[in-house]
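These notes concern the structure reproduced below.
Note on naming: letters A, B, ... go to the chains in the order of the sequence lines (proteins, then strands), and numbering restarts at 1 for each one.
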There are 2 protein chains.
Amino acid sequence: MRKRPRQARSKQMVATLIEATARCIVANGLDGTTTPRIAELAGVSVGSLYQYFEDKEALIDALVADRAAGIARGLRQLPVDTAGNLRDMVGGAIRYGFALLSAGDGLYVELIKNWHRMPTDKVADVLQQHFLELARVWFLRHYREYPIENLQVRIFIIVNSTLFTMVRLIADDHPLLPQSDVAEGLTDMIVQYLAVPS
Amino acid sequence: MRKRPRQARSKQMVATLIEATARCIVANGLDGTTTPRIAELAGVSVGSLYQYFEDKEALIDALVADRAAGIARGLRQLPVDTAGNLRDMVGGAIRYGFALLSAGDGLYVELIKNWHRMPTDKVADVLQQHFLELARVWFLRHYREYPIENLQVRIFIIVNSTLFTMVRLIADDHPLLPQSDVAEGLTDMIVQYLAVPS
DNA sequence: CCATAATGCGAAGATGTATTCGCATTCAAT
DNA sequence: ATTGAATGCGAATACATCTTCGCATTATGG
């Protein structure tokens with residue numbers, strides 16, 4: 001951030017700009033998101049934007065960081081029963097994922113579509129770490145011993161598979177397959193993949 | 001195409017432009033690919049480009065169509081043994097996929113990264129249809145009866161999961177996980193998912 | 001209340017890209 | 001060889017975006 005906000009109104013401005021960025025991406029897509037448009041949506045001048053953000057990228061990074069923090073918070077508060085059966089846990093996570101991606105008028109979908117030019121690692125790592133830890137706990141409880149090495153590969157595959165399959169489905173204007181079927185399919189696939197002790 | 005090529009040199013020009021586009025994308029990324037740069041790489045003027053292609057998009061579409069045709073050809077010639085075991089078939093396909101993505105200096109990876117602003121369906125449908133048909137044949141041979149409805153969902157999930165997991169891994173500059181491990185993991189996951197008759 | 005710093009402004013500058021158009025060159029058929 | 005069509009050219013046009021800078025407005029502390 002170019003200038004540290006000292007007064008209350010400038011803190012407000014930073015928040016307003018980040019939210020305007022989100023709305024602009026939703027309304028115009030990432031490519032159609034320009035600094036004048038963001039400023040207009042924020043009800044603010046372009047100059048003010050550059051008072052607090054080095055450039056457009058910094059603004060978008062701030063948005064991603066904000067949402068990533070939100071998602072991390074949501075994941076931690078997601079009720080999990082590490083004593084329960086695997087299928088319920090996975091199924092719950094899948095449903096949570098679909099709900100999240102469908103929320104925010106498609107902001108997340110647009111961000112993930114453009115993962116390669118965004119600080120994707122911030123978010124992907126959050127998911128990766130969360131589910132890795134979750135799986136670790138679950139397996140320790142149920143099997144005592146488990147090849148942890150292999151678990152990283154499995155979680156990497158599962159997280160990426162799920163994320164992009166979901167996005168591909170949601171981004172499709174005329175999806176041939178119902179979301180519920182794909183959710184069930186993903187759940188089946190993941191549970192079976194995790195269940196086999198290699 | 002704006003003008004149908006009548007003379008030999010113009011056919012050559014179309015081919016040269018398409019190949020230059022491929023090289024430009026490899027060298028500069030899709031965003032860094034501009035019509036002047038393509039023309040320069042082709043050793044041709046910008047004007048000539050617009051003689052044969054309505055706009056930049058048409059040129060890129062032509063490139064995608066060309067490669068999609070090539071991939072379709074490659075898939076058909078891929079030796080498959082529908083009498084053999086499932087794991088060998090899936091493993092072979094995965095290896096073929098990794099080889100394809102690693103080839104062409106990263107052209108395919110760059111194209112898939114930007115799937116959402118490309119005629120992705122052209123390629124995705126090719127893969128979808130190919131593996132759907134392949135799976136159908138295999139299952140008819142081995143089980144006689146199989147819930148075909150469900151098979152579409154499974155193939156959708158498998159194709160997208162595999163494609164994007166591969167791309168995510170290859171696009172990572174410092175991959176934590178070795179490609180061979182991920183390939184094996186994907187194979188395991190797919191085989192198990194397909195093997196369970198639902 | 002005043003002085004100073006912080007904040008807000010938006011037209012203008014700098015850059016870059018897609019596309020066109022009039023003219024030059026080459027081909028192919030007679 | 002000639003002529004009309006096809007092809008090739010690239011400077012110029014049109015447009016859009018990011019970013020800056022000098023000035024106006026607002027807040028804060030003494």
- Query: Measuring from A/Arg37:CZ to A/Asn28:CG, what's the distance to the nearest 0.5 Å?
  - Reply: 4.5 Å
- Item | Gap between atom CG of A/Asn160 and atom CE of B/Met166 - 0.5 Å precision | 12.5 Å
- Do B/Asn114 and B/Glu110 have side-chain N/O donor and acceptor atoms under 3.5 Å apart? yes
Check: protein-nucleotides 10-15 of chain D nitrogen or oxygen pairs below 3.5 Å:
| unit_1 | atom_1 | unit_2 | atom_2 | d |
| --- | --- | --- | --- | --- |
| D/dG10 | N7 | B/Ser45 | OG | 3.2 |
| D/dG10 | N7 | B/Gly47 | N | 3.2 |

Please enumerate all residues that pass side chain to side chain donor-acceptor pair (under 3.5 Å) together with [X], with sequence neighbours excluded.
X       : result
B/Gln51 : none
A/Asp66 : none
A/Gln12 : A/Thr16

- Message: In this structure, would A/Leu151 and A/Leu140 fall into the same cluster of hydrophobic residues linked by side-chain contacts under 4.5 Å?
- Response: no
- Task: Can you run down the side chain to side chain donor-acceptor pair (under 3.5 Å) pairs that involve residues 67-81 of chain A, sequence neighbours left out, and say none if there aren't any?
- Result: A/Glu19-A/Arg67
Tell me the interatomic distance from [X], atom [atom1], to [N], atom [atom2], rounded to whole angstroms.
X       : N      : atom1 : atom2 : result
A/Glu54 : D/dC18 : CD    : C1'   : 12 Å
A/Leu17 : C/dT7  : CG    : P     : 13 Å
A/Lys56 : D/dC18 : NZ    : C1'   : 8 Å
A/Gln51 : C/dA5  : CD    : P     : 15 Å
A/Lys11 : C/dT7  : NZ    : P     : 9 Å
A/Leu49 : C/dG8  : CG    : C1'   : 12 Å
A/Tyr50 : C/dC9  : OH    : P     : 15 Å
B/Ile38 : D/dG8  : CD1   : P     : 17 Å

- Task: Ignoring backbone atoms, establish whether B/Thr34 has a side-chain N or O less than 4.0 Å from OP1 or OP2 of C/dT17.
- Result: no
- Query: Starting at the 5' end of DNA chain D and moving along, which residue's nearest nucleotide shows up first, B/Tyr52 or A/Pro36?
  - Reply: B/Tyr52
- Counting side-chain heavy atoms from CB outward, which of C/dT17, D/dG8, C/dT7 is closest to B/Ser10? D/dG8
Tabulate atom names and distances for all N/O pairs under 3.5 angstrom spanning the protein and nucleotides 25-30 of chain C.
none

- Query: Where does the angle between the aromatic ring planes of B/Trp138 and B/Tyr143 fall among parallel (under 30°), tilted (30 to 60°) and perpendicular (over 60°)?
  - Reply: tilted
